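Notes follow once the structure below has been shown.
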Amino acid sequence: MTSREQARAVKVKAAIANHPNDPFEIATCELAPPRAGEVLVRVHACGICHTDLAVKLQHIPVPMPKVLGHEGAGVVEAVGPGVTQIRPGDHVLMSFGSCGECSNCRDGAVGYCDHFRDINLFGSRIGGSALTRNGRELGGHFFAQSAFATHAVAATRNVIKIDDDLPLDLVAPLGCGIQTGMGTVMHVLRPAAGSSIAVFGVGAVGLSAIIAARIVGCSTIVAVDIVPERLRVACELGATHAVSGPSDNPVAEIIELTLGGTNFSLDTTGVPAAVASSINCLRARGVSAQVAAPPRGTLYAAEASVVVGRGITIRGVVEGDANPQLFIPRMIGFYREGKLPLNKFVKPYPLERINDAIDDLDSGRVVKPVLVMKEPKTGA
Ligand SMILES: [Zn+2]
Ligand SMILES: [Zn+2]
């Protein structure tokens with residue numbers, strides 16, 4: 001931050017990841033004004049996604065201390081020089097960032113941007129972080145936002161304008177987790193009506209995949225998880241069968257109940273045994289999508305006779321192959337039509353209770369915690 005920016009910086013309250021073993025620390029920091037191509041967002045809510053936790057635990061070794069949070073929703077307070085498409089007062093969601101110039105971005109495959117890791121995880125804003133704490137630089141720009149805070153500076157490319165009447169605490173997770181689950185089904189697997197799918201791990205991503213599978217008309221939707229409460233929610237939101245893994249034999253059970261295996265599968269866990277099951281439960285010419293981000297160095301094993309003999313396709317997917325500028329409005333349409341009942345699995349927590357929210361997420365008590373940057377209304 002330059003000294004001129006320091007003079008114009010706003011004070012923000014943020015949750016800081018300092019060390020893998022320490023809880024998040026709530027502290028006051030300074031946030032620089034937006035530069036060209038950026039906007040300043042007053043954050044109202046931000047979902048907690050597994051990538052935040054993977055970074056905090058250093059499964060993804062992003063330098064700390066850092067302000068995480070990449071499912072931010074809020075209201076634009078100021079825009080940088082030259083920004084015309086977004087205005088102060090606009091309600092926005094923040095999603096992942098991309099460069100817009102590499103060949104993948106030009107193809108519309110922004111989740112595979114050549115600079116994805118720098119823009120979203122490891123890099124910083126050009127010219128240094130927008131955040132300081134007591135004048136010392138603090139890691140920010142996580143997914144070009146760092147939204148576990150009362151304000152965020154985001155790039156216009158990853159800001160999506162939404163209608164003012166939408167509840168920001170409910171729609172915040174559309175920016176990553178829900179987009180990943182729904183997008184993987186709708187853009188990659190594209191199951192025909194009447195086909196079958198098994199979803200391994202039914203947290204927010206898996207649940208969103210189940211909701212999408214129901215929307216596109218899958219007739220058999222199998223949810224696999226180790227947490228009974230998550231399976232209960234999955235059945236409420238569209239799963240036709242629940243299989244408890246890994247204590248049982250999920251593959252045998254799925255093959256039996258689908259009379260030979262599913263047409264499609266999706267693994268959200270990244271646990272090698274679950275990934276193997278997600279491949280072995282497929283029938284001939286089945287397609288399996290892999291969306292998790294397990295620790296670096298994780299290897300998956302697949303039974304060759306299954307992969308070759310059944311003509312299986314295995315496809316890795318980032319952010320549901322979605323272009324957020326197009327897919328977030330589509331998901332909002334599903335929400336408005338009542339097909340994406342966010343209120344059934346999103347739970348608000350005040351920012352100060354981030355560590356409790358993570359405990360509840362880890363234990364399976366809550367599917368999708370969303371941090372709210374002021375006290376949520378009772379009964380919200
Ligand atoms: Zn790019
Ligand atoms: Zn995420």
Side-chain angles (χ1 to χ4, degrees), residues 50 54 59 109 111-112 180-203 205-214 216-227 230-231 234-235 238-321:
H50 275 284
H59 295 166
Y112 306 95
T180 297
M182 295 193 82
T184 299
V185 171
M186 294 185 150
H187 301 135
V188 179
L189 299 177
R190 305 168 74 97
S195 54
S196 54
I197 184 169
V199 179
F200 288 73
V202 289
V205 175
L207 211 50
S208 307
I210 285 171
I211 290 167
R214 185 181 180 177
V216 301
C218 286
S219 55
T220 303
I221 303 171
V222 186
V224 188
D225 205 293
I226 53 174
V227 180
R230 283 206 284 257
L231 288 172
C235 289
T240 55
H241 300 80
V243 168
S244 163
S247 52
D248 308 334
N249 183 343
V251 172
E253 209 171 319
I254 292 167
I255 288 177
E256 194 186 320
L257 67 87
T258 56
L259 305 176
T262 57
N263 302 112
F264 300 96
S265 70
L266 190 158
D267 178 81
T268 71
T269 70
V271 175
V275 171
S277 295
S278 75
I279 294 164
N280 292 332
C281 75
L282 291 170
R283 64 174 61 229
R285 298 189 295 141
V287 184
S288 177
Q290 302 298 323
V291 308
R296 290 184 88 173
T298 300
L299 297 180
Y300 295 147
E303 171 68 45
S305 66
V306 170
V307 174
V308 177
R310 294 186 204 159
I312 301 297
T313 303
I314 304 167
R315 165 75 140 78
V317 187
V318 174
E319 298 280 355
D321 269 21

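This is a predicted model, so every value here is computed, not measured.
- No side-chain donor-acceptor contact under 3.5 Å links Ser195 to the backbone of Cys218.
- Scanning both residues, Phe200 and Asp267, for their nearest heavy atoms gives CB-OD1, 3.4 Å.
- Under a 3.5 Å cut-off, the side chain of His187 and the backbone N or O of Gly320 do form a donor-acceptor pair.
- Arg283 contributes a side-chain N or O that, together with a main-chain N or O of Leu259, makes up a donor-acceptor pair within less than 3.5 Å.
- Nearest heavy atom pair, residue Val251 against residue Asn280, reads CG1-O, 3.7 Å.
- Taking each heavy atom of Ala239 and Ile210 in turn, the nearest pair found is N-CG2, 3.5 Å.
- Contact of the Thr298 side chain with the Pro272 side chain is registered, since non-hydrogen atoms from C-beta on lie closer than 4.5 Å.
- The CG atom of Leu257 sits 10.0 Å away from the SG atom of Cys281 when rounded to the nearest 0.5 Å.
- Here the closest heavy-atom approach between residue Val216 and residue Pro191 is recorded as CG2-CG, 3.8 Å.
- Remark: side-chain polar atoms of Ser219 are paired, donor with acceptor, to backbone N or O of Gly194 under 3.5 angstrom.
- A side-chain donor from one of Ser288 and Ser265 sits under 3.5 Å from a side-chain acceptor of the other.
- Identified under the salt bridge (charged side-chain N to carboxylate O under 4.0 Å, His left out) test for residues 296-320, with sequence neighbours left out: Arg315-Asp321.
- Thr268 contributes a side-chain N or O that, together with a main-chain N or O of Gly201, makes up a donor-acceptor pair within less than 3.5 Å.
- Side-chain polar atoms of Ser278 and Gln290 form a donor-acceptor pair below 3.5 angstrom.
- Contact annotation: the side chain of Thr313 never approaches that of Phe264 to less than 4.5 Å [non-hydrogen atoms, C-beta and beyond].
- Taking OG1 of Thr184 as the start and CG of Leu266 as the end, the distance is 5.5 Å to the nearest 0.5 Å.
- Closest approach of Ala302 to Val307, counting heavy atoms only: CB-CG2, 3.7 Å.
- Ile254 has its side chain within reach of Val224: a pair of non-hydrogen atoms, C-beta onward, lies under 4.5 Å apart.
- Within the 4.5 Å cutoff, side-chain heavy atoms of Ile197 are placed close to those of Ile221.
- Closest approach of Gly261 to Ser196, counting heavy atoms only: O-OG, 4.1 Å.
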